[in-house]
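Comments concern the structure below.
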Number of protein chains: 2
Amino acid sequence: MANGVTIAPAIEALADPTRRAIVEALRAGPSPVGALAGPLPVSRPAVSQHLRVLTDAGLVEVTPKGTRRYYRLAPGGVDELRRYLDDLWDDALAAFARAAEAEAQKRKD
Amino acid sequence: MANGVTIAPAIEALADPTRRAIVEALRAGPSPVGALAGPLPVSRPAVSQHLRVLTDAGLVEVTPKGTRRYYRLAPGGVDELRRYLDDLWDDALAAFARAAEAEAQKRKD
DNA sequence: ACTTACCGTAAGCCATGACTGACGATTCGA
DNA sequence: TCGAATCGTCAGTCATGGCTTACGGTAAGT
């Protein structure tokens, strides 16, 4: 619950379909902005703004190379979300187990 | 990538702060709507609407008990997101490793 | 049967944020 | 030095969605 607020920017960043498409494109490897905007149905400035959000959320990182900037996935940022969902899943399973046990207990009488 | 579209409702559901608060409250166990809305700074109908979104996303489930409806976390729905982020994390690590290797290769000449 | 409690739904208001077009900065090549 | 390419930022527009109030429906208790 302490990092409950930490994952907010990351999960809110991934909520947008266009940003998810960008992330999907980056799974193959680093890419400059123009190459990312090409297949997408939005303008290049829009992609730039999305990359800003993703960067602030810690999900992607940049490496300037001459006139173009290569964006890539940031494993650390993804890992944060991953851990949060792991914990949430554990609690969900525990609550489920308790509910099942309570149900069994109730059925006994 | 086949389930890339599957996780959309779940991740978009968790993007809202109020819905995350509801999910956090449900970590302790099942709860009726009124008990959930109590501590929250929004009205009960608002919580009802959020629970509808969370249910449609497969993150929570309901069990009517008399006049009240008990909501609980759905481990299956959480697991979907968990798996997606696991895969994404793998790809991020792979891309990172490739980048590191390419960098080492470049440094060699 | 009547009252009370708990809850989902509908309509409307309003703020957030995604997108575009225009502009300026930086870098490489000629 | 000059031109072209790549990109970030800004201002403005517009749709999405979260919230409230009011209403109706169902179940338990008296």
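Chain naming here is simple, since letters A, B, ... match the order of the sequence lines and numbering starts at 1 in each.
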Open item on the list: Tell me whether the side-chain N/O atoms of Y71(A) come closer than 4.0 Å to OP1 or OP2 in dT6(D).
Closed with: no
- [ ] Ignoring backbone atoms, establish whether T18(B) has a side-chain N or O less than 4.0 Å from OP1 or OP2 of dC19(D).
- [x] yes
Task: Selected nucleotide, minimal atom distance to P45(B) side chain, candidates dC7(C), dC7(D), dA22(D) - done: dA22(D)
Open item on the list: Minimum heavy-atom separation for L51(B) and V33(B), please, with both atom names.
Closed with: CD1-CG2, 3.8 Å
Task: Check: dG21(C) base within 3.5 Å donor-acceptor of R44(A) side chain - done: no
- [ ] Would you please say whether a donor-acceptor pair under 3.5 Å links the side chains of R69(B) and T63(B)?
- [x] no
TODO: Kindly point out which of dT20(D), dC19(C), dG8(C) is positioned nearest to the side chain of S48(B)?
DONE: dG8(C)
Open item on the list: With a 4.0 Å limit, can you tell me whether R19(B) has a side-chain N or O closer than that to the phosphate oxygens OP1/OP2 of dG18(D)?
Closed with: yes
Open item on the list: Closest approach to the side chain of R52(A), judged atom by atom: which nucleotide of dT9(D), dT20(C), dT20(D) is it?
Closed with: dT9(D)
Task: Given dG8(C), dC7(D), dA22(C), the nucleotide with the shortest approach to the side chain of R69(B) - done: dG8(C)
- [ ] May I ask you to test the R72(B)-L26(B) pair for a side-chain heavy-atom distance under 4.5 Å?
- [x] no
Task: Side chain of H50(B) - closest among dC19(C), dC19(D), dA18(C) - done: dC19(D)
- [ ] Find the distance L54(B):CG to dG8(C):P and express it as a whole number of Å.
- [x] 12 Å
Open item on the list: Can you tell me which nucleotide in dA5(C), dT20(C), dG8(C) comes closest to the side chain of A46(A)?
Closed with: dT20(C)
TODO: Consider the side chain of Q49(B), meaning its heavy atoms from C-beta on, and name the nucleotide among dA27(D), dT20(D), dG8(C) that approaches it most closely.
DONE: dT20(D)
TODO: Could you check if a side-chain atom of L88(A) sits within less than 4.5 angstrom of a side-chain atom of L73(B), using non-hydrogen atoms only?
DONE: yes
